[in-house]
Amino acid sequence: ALRLSYLRAGGHDPAILDQLLHLQLEATVLERGTSGLHRGRRTAPLAVPAEPRGTGTQGPDAALLAVELENQRLEDEVLALKVRRERRADAGSRVAQRHSEELAQLQAEVGMLQCHVEQMRPQLPPPILPPPVAPPPPP
């Protein structure tokens, strides 16, 4: 929850993300250690490596834990990329909206100026035409 909160708030520092993942790994190991009670005693928690090492000398649990840690790190990186992309898209849409508002305002001003120019033109009286001439009578 802490890591997700950090990412949603815009955090993207790899060192902090690594620390948060390390803390989550420690918590997972401690939770597994407390659930494995043997004869009333708590089993000792596994040592948590700072970075996953090769799986050659470690047991399958440690290798699985290292893979889970790497998967979680990759998921966090994908989430951080999605958050950044959404922010860029939001910023782009805000800029586009601002431009469309400015365009609408300019178009309204042009319309008002055209009306003003129409009102300022001198009004000419309608032309006075001579009365129609009747055709000559037939011969």
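Being a predicted model, the structure only gives us computed values, none of them experimental. Sequential numbering from 1 along the given sequence is applied to the chain's residues.
Expressed to the nearest 0.5 Å, how far CG of L113 lies from CE of M120 amounts to 12.0 Å. Distance CG/L79 to CD/Q72: 10.0 Å, rounded to 0.5 Å. One finds the CG atom of D18 at 11.0 Å from the CG atom of L23 (value rounded to the nearest 0.5 Å). Note: L69 CG to L21 CG = 5.5 Å, rounded to the nearest 0.5 Å. Note that CZ of R94 is 9.5 Å distant from CD of Q97, once rounded to the nearest 0.5 Å.
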Q | side chain to side chain contact (heavy atoms under 4.5 Å, CB included) between V67 and N71, intermediate numbers included | A | CA-CA 6 Å; V67 169; N71 283 346; 3.9 Å; yes

Q: Check the pair E109, Q105 against side chain to side chain contact (heavy atoms under 4.5 Å, CB included), reporting the backbone distance first and the verdict last.
A: CA-CA 6 Å; E109 288 178 17; Q105 182 180 1; 3.6 Å; yes

Q) When you look at Q107 and L103, which way does the side chain to side chain contact (heavy atoms under 4.5 Å, CB included) test go after all the steps? A) CA-CA 6 Å; Q107 288 173 338; L103 179 62; 4.0 Å; yes

**Q.** Chi angles and distances behind the side chain to side chain contact (heavy atoms under 4.5 Å, CB included) call for Q114, V117
**A.** CA-CA 5 Å; Q114 286 174 341; V117 166; 5.7 Å; no

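Classification of R73 and E70 as a salt-bridged pair holds, one side-chain N sitting under 4.0 Å from a carboxylate O. A salt bridge between K82 and E86 is absent, with no side-chain N of the basic residue lying under 4.0 Å from a carboxylate O of the acidic one.
The main-chain N or O of I16 is never found under 3.5 Å from a side-chain atom of Y6 such that the two would form a donor-acceptor pair.
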